[in-house]
Structures are given as structure tokens and as C-alpha cells.
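Lettering of chains follows the sequences in order, A, B, ..., and the numbering in each one begins at 1.
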Protein chains: 2
Amino acid sequence: MKYITIIDLARRLNLSKSTVSRALAGDGNVSKETQDRVRELAQQLGYTRNDMAVNLRQKQTKSIGIIIPEIVTPFFMHVVSEVQRELNGRHGYRVLLAQSNENSDIELANLRMMEEFRVDGILLSVCSSRNNIPEYLRLKEKGMALVFFDRIVPQFSASKIEINEYAKSVLLVEHLIEQGRKKIVHIAGPEYIYNSTERLRGYKKALAKNGIAYDPTYVIPCDLAAEAAAAKITYLLDNNIDFDAVFCFTETQALGVKKLLSKQKIAIPDQVAIACMSGTTLSTLVHPTLTSVEQPVDQIASAAIQLLLEKIENPTAEDRTIVVDAQIKIRESSAVD
Amino acid sequence: MKYITIIDLARRLNLSKSTVSRALAGDGNVSKETQDRVRELAQQLGYTRNDMAVNLRQKQTKSIGIIIPEIVTPFFMHVVSEVQRELNGRHGYRVLLAQSNENSDIELANLRMMEEFRVDGILLSVCSSRNNIPEYLRLKEKGMALVFFDRIVPQFSASKIEINEYAKSVLLVEHLIEQGRKKIVHIAGPEYIYNSTERLRGYKKALAKNGIAYDPTYVIPCDLAAEAAAAKITYLLDNNIDFDAVFCFTETQALGVKKLLSKQKIAIPDQVAIACMSGTTLSTLVHPTLTSVEQPVDQIASAAIQLLLEKIENPTAEDRTIVVDAQIKIRESSAVD
DNA sequence: TTGAAAGCGCTAACAG
DNA sequence: CTGTTAGCGCTTTCAA
């Protein structure tokens with residue numbers, strides 16, 4: 001594939017390549033007339049700038065990396081897609097994506113890969129808030145623009161987009177309480193995910209606010225799989241521990257719980273309500289009894305871009321945290337919705 | 001961020017940069033001893049090659065683009081993720097992703113963007129099998145490596161990964177028939193998506209094979225939204241058209257249908273069974289009555305990579321089509337599953 | 001086995 | 001306003 005270069009243009013116009021370059025860049029130091037001539041020919045010949053050459057010269061790659069824990073949750077993909085759109089279009093950045101499959105080792109490999117690709121910055125949502133801290137530190141000290149989002153690392157100082165999981169959680173649990181639920185089980189996320197500890201905090205707060213005693217029996221840490229959540233519920237049933245609601249960390253867990261309760265002929269939501277937070281189309285379509293919360297994807301994306309570009313432009317800029325206070329919209333679907 | 005270059009290495013070792021380059025490349029024309037010295041220092045100083053320089057020199061970008069119609073269906077993301085992993089790892093390619101949001105104009109913009117980024121090849125799953133054909137042609141004639149997958153364009157000659165929708169469809173419909181269903185509605189996809197016409201063909205074939213008369217009333221073209229599918233079913237109900245099964249084009253449609261039937265107090269699957277093809281975790285967890293089919297994601301990904309690299313290496317290579325005959329696994333969930 | 005030199009396409013001093 | 005020159009980091013002849 002033969003591409004037109006500024007040299008081609010220069011030759012045809014009897015100009016030096018510098019002038020052509022300037023004309024194309026809209027430098028100002030070039031006569032209106034030549035500028036027009038150059039641009040017209042460029043247009044006509046279908047010239048497009050060779051970014052590799054520019055980047056080599058400029059010592060940047062004009063590309064950024066996004067690393068997310070997994071790709072099945074539509075939330076992440078929505079953010080990625082939005083960031084991509086914005087960064088491709090307005091800023092001319094290439095966006096490289098990698099997913100870690102909830103595995104810190106893969107995450108590490110992904111970080112290394114991005115570094116090898118010499119991306120100008122990395123948007124990161126972590127698998128675990130402890131496993132790769134030394135690597136985050138190394139990158140940061142090396143001057144890599146590194147911005148965390150959603151799954152952040154609380155004890156690591158960096159720019160972050162934090163989602164107010166605590167507030168969301170309080171709201172959701174209070175919503176259950178308002179419906180008369182008092183024995184609310186919390187299928188929590190693993191403690192190495194910060195979001196999960198925040199949600200737990202919200203859960204406790206909601207109980208306290210409403211004068212319901214906190215019972216540790218009702219809080220069950222659990223990994224992210226549907227089966228794991230189902231197993232926890234089975235345990236409760238087997239031990240005759242009574243409950244009237246289940247608040248899950250993830251949608252997947254909620255699905256697992258729902259499946260199990262159905263199998264046990266336990267009426268949803270008459271006997272037990274199920275809740276989780278999520279912003280997916282699927283879940284609201286699907287869960288007869290699911291209360292959900294919407295994530296402000298666009299806000300998150302644009303905040304992430306802002307902080308990232310800030311760091312890219314000025315690597316020594318101060319770290320900033322933007323807390324996205326979700327437009328919390330409780331959306332209760334009826335049993336047949 | 002200061003990076004070590006071969007010149008740095010050369011200086012410290014009193015060698016020319018050519019020799020260093022050769023040593024690093026494992027050229028062979030360099031003494032074992034210098035080779036070792038170079039490599040050791042490189043290792044020690046954390047040298048990594050600057051791909052931009054290489055690519056500029058080599059006149060390629062070592063990057064490919066993937067354009068998919070949407071990102072919500074996990075199937076696409078699984079393929080993307082797999083291609084990414086493989087291409088990043090083994091082949092050192094960067095992978096750029098873009099989604100067209102089921103809109104041919106956006107798809108066109110995405111194609112243009114990939115071209116501007118000078119990707120070495122494009123993996124494409126189209127929105128419509130007619131709207132952008134002139135653009136596909138232009139790219140192909142320009143020498144761009146272009147490989148279609150899943151959502152292909154039958155009348156356009158190019159390398160493709162085709163999924164045997166016909167066979168899958170026959171199987172699924174026959175499965176319904178075996179259960180005693182005779183009045184099977186087909187909520188079809190729009191005719192500008194090839195896969196949808198293939199599935200329709202399969203539907204007809206299954207009926208014919210089993211001696212069931214084909215009734216056009218039962219075939220309802222429908223766009224991809226859940227609401228659209230629900231509306232079609234409403235129409236059938238309002239007009240007292242009797243049916244005992246619904247075979248949908250997409251999972252989303254199936255969800256819409258399910259929702260509507262529930263609302264109308266129609267028992268699933270006792271009165272009406274719902275089926276669609278899909279390979280998502282969600283759907284099997286979620287649909288009490290859904291029969292699904294698994295997509296061989298890895299096969300698709302590796303076939304796509306193979307054809308793409310083939311075209312990149314030799315742009316004049318003949319077009320090839322690989323038909324992926326899904327490992328068709330009917331997975332029937334019980335009502336409480 | 002090694003080095004010197006050219007060049008990929010572009011930008012940015014510097015000079016005129 | 002325009003041209004000359006140098007150089008980003010690397011590979012690849014061509015000579016030695």
C-alpha cells in the first residue's frame with residue numbers, strides 16, 4: 001500500500017517539505033496562497049499524515065491503554081467504548097484494550113505489555129487492591145500517566161475515578177428496608193476488592209440508620225461466581241437461618257441466588273427479595289425481582305479522560321480523585337416486568 | 001520518560017549501532033561473544049525496542065483493527081478478547097477496537113479511522129450486508145487486508161469466517177419439534193443481516209424435514225430490540241393466532257418475548273417455549289426456558305487470525321472462507337434452572 | 001564479524 | 001514567508 005508523503009507533495013509543488021508540513025499544520029507562517037495550494041493537492045491525492053513518523057519525532061505514541069478486570073460486565077465495555085470514541089475522535093489517540101480475567105498475574109502482564117507498547121497513559125481498573133501495588137508504584141515513579149477507575153486501590157496514591165459505592169449501597173439497602181425487609185443477607189464481594197468493602201460499609205450504615213441490629217451471620221464474603229453465591233444461600237437454608245432479602249455484590253451472584261431460590265421453590269419476591277447494583281440492560285430485562293442502580297457511564301468516561309490527559313501533559317501534576325456520585329435511580333421491576 | 005536506545009547500548013559497549021541491532025535481532029552474523037555482551041547490557045538497562053522506529057522503517061504498523069457491530073453481546077467481546085490475546089502475545093500486534101452500534105454510518109467512520117491509523121489489517125463484522133459495500137471494495141482494491149467474521153457479506157468476495165447459522169438453526173428448531181411443538185413462530189432478524197436469512201432458511205428446512213407445513217404468518221421479521229419482538233408477539237395474541245413456541249433471532253428478542261408472555265400470564269414453557277441461539281453465560285443462567293447453542297469462540301478467533309495474517313503477508317493471496325461448524329450443544333434449562 | 005551511511009516521514013531550529 | 005539541516009530510533013545495504 002503506497003501512501004502519499006509530504007515529500008511527494010513538495011516535489012509536485014516545487015516547495016520544500018518544511019513548507020508543506022507547515023501548511024498542513026496550519027502553522028501561520030505560510031502564505032495563504034501556498035497553504036491553499038498545498039491543502040488542495042493533499043486533498044486531491046488523498047494524503048494522510050503518517051503518525052508513526054510524527055510520533056517518533058515527538059517521542060510519544062499517541063496511544064493509551066485500558067486494562068479492565070473482565071469484559072463480560074457490560075459496564076466496563078460501555079466505559080471503554082465511550083473513552084474510545086472520545087479519545088479517537090477529539091484527541092486522535094489510539095486506544096489499546098486488555099482484560100485481566102480477574103487475575104492479578106494477567107493484569108501484571110497487561111501492564112508490562114502496555115509499557116512495551118510505550119502507551120502515553122494507562123486507565124486501570126484492578127483485579128485486586130493489593131497484589132500489584134509494587135508495579136503500580138514502579139510505573140508511577142517512571143513517570144507513566146496512570147489513572148485508576150471504578151476498581152481502585154484505596155491505599156495507593158494516584159489519580160482516580162471513584163464511584164460512590166457506599167452511597168449507592170445505603171440507598172439500595174434502605175430501599176429494601178422500606179419494603180419491610182428486616183433480615184437482609186449480604187452476599188459480599190471478596191475483601192480484596194475495595195468496592196466490595198465500600199458496599200459492605202453502606203449495608204451496615206443503612207441498617208444502623210434504620211435501627212436494625214447488625215448480624216454478622218448475614219454477611220457472607222463470596223467470590224464473584226454465580227455458583228459460589230448459590231452455595232452460600234444453600235448453607236443458610238440448610239442451617240435454617242431465616243432471611244427475607246439478599247443483597248448481592250454482583251449481578252452474576254444475584255443470578256446464582258435467583259436460580260437457587262427458584263429451585264427451592266422459594267417465592268421471589270414474596271418470600272425473599274433479591275437486589276444488586278448494576279447498569280445493564282440485560283439485568284433489568286431479566287430479573288423479575290431485581291432492584292438496580294444506574295451507572296453514569298459518560299461521566300465516568302469523561303472524568304477518566306480528563307485526569308488521564310492531565311497526567312500525560314504534565315506527569316508531575318498533582319494526583320486528583322473525582323468521585324462520581326451515581327445518578328442513583330432505583331428501578332424496581334415488577335414480578336412480571 | 002527516558003528510554004534506552006540501541007545507541008546508548010552501542011556507546012557503552014564501543015560498538016556501532018548496527019552491530020547492536022544485529023545482536024539484538026539474533027542476526028547470526030555477529031560473534032557469540034558480542035551478542036552476549038549486548039544482550040546482557042540490554043537486559044540490565046531494561047532496553048525495549050522502540051516499535052515506532054521499527055515500524056517507520058519497515059513501513060507497517062504492526063497493528064490491526066477489529067470492528068464489531070456492538071459490544072453488549074458477550075459473543076463479540078469473547079472473540080475480540082481472544083484475538084487480542086493471541087495477536088498481542090505471539091505476534092506482537094496491537095489491536096484497535098471499534099464498535100459501530102449497529103449503524104452503518106458509524107461503521108464507515110470506523111473503517112476510515114482504521115485506515116488513517118494505517119492498520120495492517122481489519123477484522124470486520126458488519127452492521128448491514130449492503131450499506132458499505134463500495135467502501136469494502138475500495139479498501140480491498142487499495143490492498144488492505146480485510147477479513148469478515150460472523151456477520152459477513154455473502155455477495156462480497158473476500159476472506160471470511162462464516163458460522164454455520166443454517167445448521168445451528170435446523171438443529172434448534174428440530175429440537176423444538178421433538179418436544180412436540182408444531183406451531184413455531186420465528187421472530188426473525190432483519191433481512192439485511194445475512195445471519196438472519198440463514199437462520200430463517202434453517203427454520204424452514206427443519207419444518208420441511210419434519211413434515212410441518214411452512215406458514216408465512218409465523219415468520220415475523222423484526223429488528224433487534226426486545227420491545228420490537230414483544231410488539232410482534234402482542235400482535236399475534238391480539239389476532240388470536242395460536243402458537244406453542246417462539247424461535248428468536250437474538251437473545252435480546254427472546255428476553256422481550258419472555259417478558260411479554262409473562263405479563264400475559266402465559267406459562268413458559270408449558271404453553272409456549274422460547275428458544276434462541278447464543279453462547280452467553282447470562283442467558284443460560286437467566287432463561288428458565290431457553291434452549292441455547294454454544295459458539296466455538298476460540299476456533300473463530302484463531303481462524304480469523306489465520307486468514308488475516310495470510311492476507312497481511314500476501315495481499316494478493318486468494319480469498320478463503322472458513323466455515324465454523326459450531327460445536328452445537330443444545331443446553332435445555334429446566335423451568336427452575 | 002563489524003562499521004559507515006542512507007533513509008523511513010515528519011517536525012523544528014536556524015538562516016535567509 | 002520559505003528553505004536548509006538535523007535528527008527521532010531503527011534496519012539494511014555496502015564496504016572493509
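Here the C1' atom of nucleotide C/dC10 and the CG atom of A/L9 are 12 Å apart, to the nearest Å. In this structure, B/Q58 atom CD and C/dA6 atom P are separated by 20 Å, rounded to whole Å. To the nearest angstrom, P of D/dG9 lies 14 Å from CD of A/Q60. Per the geometry, CG belonging to A/N55 stands 18 Å off P belonging to C/dC8, to the nearest Å. Across the protein-nucleic acid pair, B/D27 atom CG and D/dT13 atom P stand 11 Å apart, rounded to whole Å. In this structure, CD1 of B/I6 is placed 6 Å from C1' of D/dG9, rounded to the nearest angstrom. With rounding to whole Å, A/R37 atom CZ is found 13 Å from D/dC1 atom C1'. If you measure from atom NZ of A/K32 to atom P of D/dT2, you get 13 Å, rounded to the nearest angstrom.
Annotation: of the two residues near DNA chain D, A/K17 and A/V30, the 5′-most nearest-nucleotide partner is A/V30. Of the two residues near DNA chain C, B/A53 and B/V20, the one whose nearest nucleotide lies more 5' is B/V20. For the pair B/K59 and B/T34, nearest-nucleotide mapping onto DNA chain C gives the more 5' position to B/T34.
Side-chain atoms of B/S18 and B/S21 include no donor-acceptor pair closer than 3.5 Å. Using a 3.5 Å distance cut-off with no hydrogens or angles, the side chains of A/N55 and A/Q60 do not pair a donor with an acceptor.
Residue A/N14 is in sugar-phosphate contact alone, with no base atom involved, counting any heavy-atom pair closer than 4.0 Å across all strands shown. B/R22 comes within contact range of at least one nucleobase, with a heavy-atom separation under 4.0 Å. The residue B/N50 sits close only to the backbone: its heavy atoms come under 4.0 Å of sugar-phosphate atoms, none of a base.
OP1 or OP2 of D/dG3 lies within a sub-4.0 Å distance of a side-chain N or O belonging to A/T19. Contact annotation: A/S16 side-chain N/O to D/dT2 OP1/OP2 distance is not under 4.0 Å. The side chain of B/Y3 places no N or O atom within less than 4.0 Å of a non-bridging phosphate oxygen (OP1 or OP2) of D/dC10. A close approach under 4.0 Å does not occur between any side-chain nitrogen or oxygen of A/T5 and OP1 or OP2 of C/dG9. Considering only side-chain N and O atoms, B/S21 lies nowhere under 4.0 angstrom from the phosphate OP1 or OP2 of D/dG9.
Of the candidates B/E115, B/R112, B/R118, A/T48 forms a side-chain hydrogen bond (donor to acceptor under 3.5 Å, both in side chains) with just one, namely B/R118.
Between A/Y47 and A/Y3, the distance separating the two ring centers is not shorter than 6.0 angstrom.
On a pure distance criterion of 3.5 Å, a polar donor-acceptor pair joins the side chain of A/S18 and the base of D/dT4.
A salt bridge links A/R94 with A/D51; the closest basic N to acidic carboxylate O contact falls under 4.0 Å.
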